[in-house]
S.K.: 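First, the structure itself, so that you have it in front of you.
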Amino acid sequence: MDLGRVQQLDEYRWTVPLAPGETRAPVLLYGSAPLLASMDDKVLEQAVNVAKLPGLVKASMTMPDAHWGYGFPIGGVAAFDPAAGGIVSAGGVGFDISCGVRCLRSDLSLTDIAPHLELLANALFHAIPAGVGEEGRLKLAPAQIDEVLADGAHWALRHGYGVPEDLDYVEENGRMAGAVPANVSELAKKRQRGEMGTLGSGNHYLEVQVVDRIHDAETAAAFGLREGQILVSIHCGSRGLGHQIGTEYLVTLAKAASRLGIALPDRELACAPIRSPEGQQYLGAMNAGINVALANRQILAHLTREVFARVLPGSRLETLFDVSHNTCKPERHRVDGRDALLYVHRKGATRAFGPGHPSLPERYRAVGQPVIIGGSMGTGSYVLAGTAESEQEAFSSASHGAGRAMSRHQALKQWRGRELIDELAGRGILIRTASLRGAAEEAPGAYKDVDLVAEATERAGLARRVAFLRPKVCVKG
DNA sequence: ATGTTC
């Protein structure tokens, strides 16, 4: 991004000079100068476009890991007021509805798993279906798909995947309200029949990690984290079903925008008022998509436990937390001293409720919601905690990952999957992947520096760092 | 991200 086009407010906040009336609200970009400089100019254009949409509240925001997305930037946060003509947009949620991370904490130390690392990597790769179109052991009948769409992780639990305590540590307690299975097409449901309990491809992964560094001892203790401890993070979403919902509703919402005379600065911003039939229809389908992702991560957590039980008998894996990155959720926020129900789009951004939020489980209520910033393949990840300041800043939102620094196409020209995997193995990080091409696209060098993203996230007040995690095994889609 | 160029 050309820093000449933006105006710096302080070390980690930037805005864009705009003509009067050019947008409905300002643009607010979070991040350090080097992070912003590494972003495509398209991020800026997209953030400005979002600021032109009806009913936007406060500002069109981007997190420190932002990059160019479909319509809305990835790493974008935008809240809309339904009472002021506010809209909902499929491009503002993302195609992989409720893509997110389930993080499990073990009672193991690095010394416990070190002798079994190869075995663990192979067993996980064998047990976790990964790759484009890959299916699992579970094949759902059409009626069962509707149950998953309505009940999310609760469905998975009823069918023997996981333990009840898991749900205390999943957003929405594992079941998103407002799901309308009837709003999801038969084709979307059909695509998902064999894809429950699968990882998918692209940036999705299952990683075995070690807690390498504690930043905040008190919060780490509340999260049950200690140095040397083994964690497992599972990054995936709603697979073919979510993608199908996004594809179909893009058309529905574009027609609605046209019918209602909503001016779209970019056709990728197809949207409809929250208080319109099409807006409500999309929200019902999207909520169902969220439930598929929550169920998917619940099943994958169970499959992971089965592998650990075999390779490391007697070990325990508890859910630390499960965060969603691609959602539009109705939430109450204070704006200009007034309490308002807003629809918050977070696309490649994590909800990050601060201390005391009533939706947080008792165990974390005093310290804030766990936030997980998943790094690129083989680099490292962060656990952070939500802050009170983030509510004032960004509707309680924070970064979700390292964020791409270059396109997949560019990455393919620069790296070879086999060489990357060999190099990482030399550094004690075992990669198991369904696609060497996919591994090249996911080269660590194609991403921003996760340390800089986590630091900027903390300095901007969006969340505070709790622990740094170093990868040991990574199963890639 | 994606039955990756339906």
Side-chain angles (χ1 to χ4, degrees), chain A residues 42 46 65-76 89-102 128-136 138-140 145 184-206 234-251 268 270 285-286 289-290 292-294 296-297 300 323-328 345-350 374 376-377 400-413 417 433-443 446-447 475-477:
Chain A
K42 280 279 180 188
Q46 293 190 320
D65 57 337
H67 55 111
W68 179 11
Y70 184 93
F72 287 57
I74 297 164
S89 169
V93 170
F95 280 69
D96 190 4
I97 295 167
S98 190
C99 179
V101 178
R102 166 73 69 107
I128 307 289
V132 176
E134 198 61 33
E135 301 201 334
L138 199 55
K139 301 278 185 271
L140 297 187
I145 289 274
V184 178
S185 72
E186 289 308 313
L187 177 57
K189 292 174 187 175
K190 187 179 158 205
R191 283 184 66 173
Q192 197 59 29
R193 287 190 62 180
E195 289 192 346
M196 294 309 304
T198 65
L199 201 54
S201 64
N203 65 3
H204 291 167
Y205 61 78
L206 181 149
I234 302 164
H235 176 213
C236 65
S238 50
R239 308 287 284 108
L241 178 134
H243 192 269
Q244 191 64 33
I245 291 173
T247 304
E248 291 171 9
Y249 275 96
L250 215 54
V251 179
E268 293 184 356
M286 184 210 59
I290 291 177
V292 164
L294 297 179
N296 195 29
R297 289 195 288 274
L300 287 166
V323 296
S324 288
H325 293 154
N326 286 0
T327 57
C328 174
H345 292 69
R346 295 189 186 87
K347 180 189 190 180
T350 305
S376 53
M377 184 174 68
H400 82 308
R404 292 201 78 89
M406 71 170 73
S407 69
R408 294 183 175 278
H409 185 72
Q410 273 179 294
L412 276 178
K413 286 195 285 189
T433 181
S435 158
L436 285 175
R437 177 197 161 130
E441 289 178 351
E442 290 293 313
Y447 278 81
V475 174
K476 286 290 291 184

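The figures that follow rest on heavy atoms only: side chains count, while hydrogens, waters and symmetry mates do not. Every chain is numbered from 1 and lettered A, B, ... according to where its sequence line falls, protein lines coming before strand lines.
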S.K.: Between A:Q244 (CD) and B:dT2 (P), how many Å, whole number?
M.R.: 13 Å
S.K.: Tell me the interatomic distance from A:K190, atom NZ, to B:dT2, atom P, rounded to whole angstroms.
M.R.: 18 Å
S.K.: Using atom CG of A:L250 as one end and atom P of B:dT2 as the other, report the distance to the nearest whole Å.
M.R.: 17 Å
S.K.: Below 4.0 angstrom from OP1 or OP2 of B:dT2, is there any side-chain N or O of A:T247?
M.R.: no
S.K.: Within the structure shown, what part of the strands sits under 4.0 Å from A:Q192 by heavy-atom distance: base, sugar-phosphate, or nothing?
M.R.: nothing
S.K.: Find out whether A:I145 and A:Q192 are in side-chain contact, i.e. whether some heavy atom of one side chain is under 4.5 Å from a heavy atom of the other.
M.R.: yes
S.K.: Remember a base hit wins even if backbone is also touched, and classify A:G94 as base, sugar-phosphate or nothing at under 4.0 Å, heavy atoms.
M.R.: nothing
S.K.: Find which nucleotide of DNA chain B each of A:G202 and A:R437 is nearest to by heavy atoms, and output the residue with the more 5' nucleotide.
M.R.: A:G202
S.K.: Over how many whole Å does the gap from A:E134 atom CD to B:dT4 atom P extend?
M.R.: 14 Å
S.K.: Figure out the CD/C1' separation between A:E248 and B:dT2, and round it to whole Å.
M.R.: 13 Å
S.K.: Can you tell me how far P of B:dT4 sits from NE2 of A:H243, to the nearest Å?
M.R.: 9 Å
S.K.: Contact class for A:L187 (heavy atom, under 4.0 Å): base, sugar-phosphate, or nothing?
M.R.: base
S.K.: In chain order, what residues pass the salt bridge (charged side-chain N to carboxylate O under 4.0 Å, His left out) check against A:E135, with sequence neighbours excluded?
M.R.: A:K139
S.K.: Do NZ/NE/NH1/NH2 and the carboxylate oxygens of A:R404 and A:E442 come within less than 4.0 Å?
M.R.: yes
S.K.: Output the rounded distance in Å from NE2 (A:H409) to P (B:dT4).
M.R.: 19 Å
S.K.: NA contact type, A:S238, heavy-atom cut-off 4.0 Å: base, sugar-phosphate, or nothing?
M.R.: nothing
S.K.: Which residues satisfy the side chain to side chain donor-acceptor pair (under 3.5 Å) test with A:N326, sequence neighbours excluded?
M.R.: none
S.K.: Evaluate the criterion side chain to side chain contact (heavy atoms under 4.5 Å, CB included) for residue pair A:K347 and A:V93; output intermediate values, then yes/no.
M.R.: CA-CA 5 Å; A:K347 180 189 190 180; A:V93 170; over 6 Å; no
S.K.: Hey, does the side chain of A:R239 come within less than 4.0 Å of B:dT2's phosphate (OP1/OP2), counting only N and O?
M.R.: yes
S.K.: Can you tell me how far C1' of B:dT2 sits from CD of A:E442, to the nearest Å?
M.R.: 14 Å
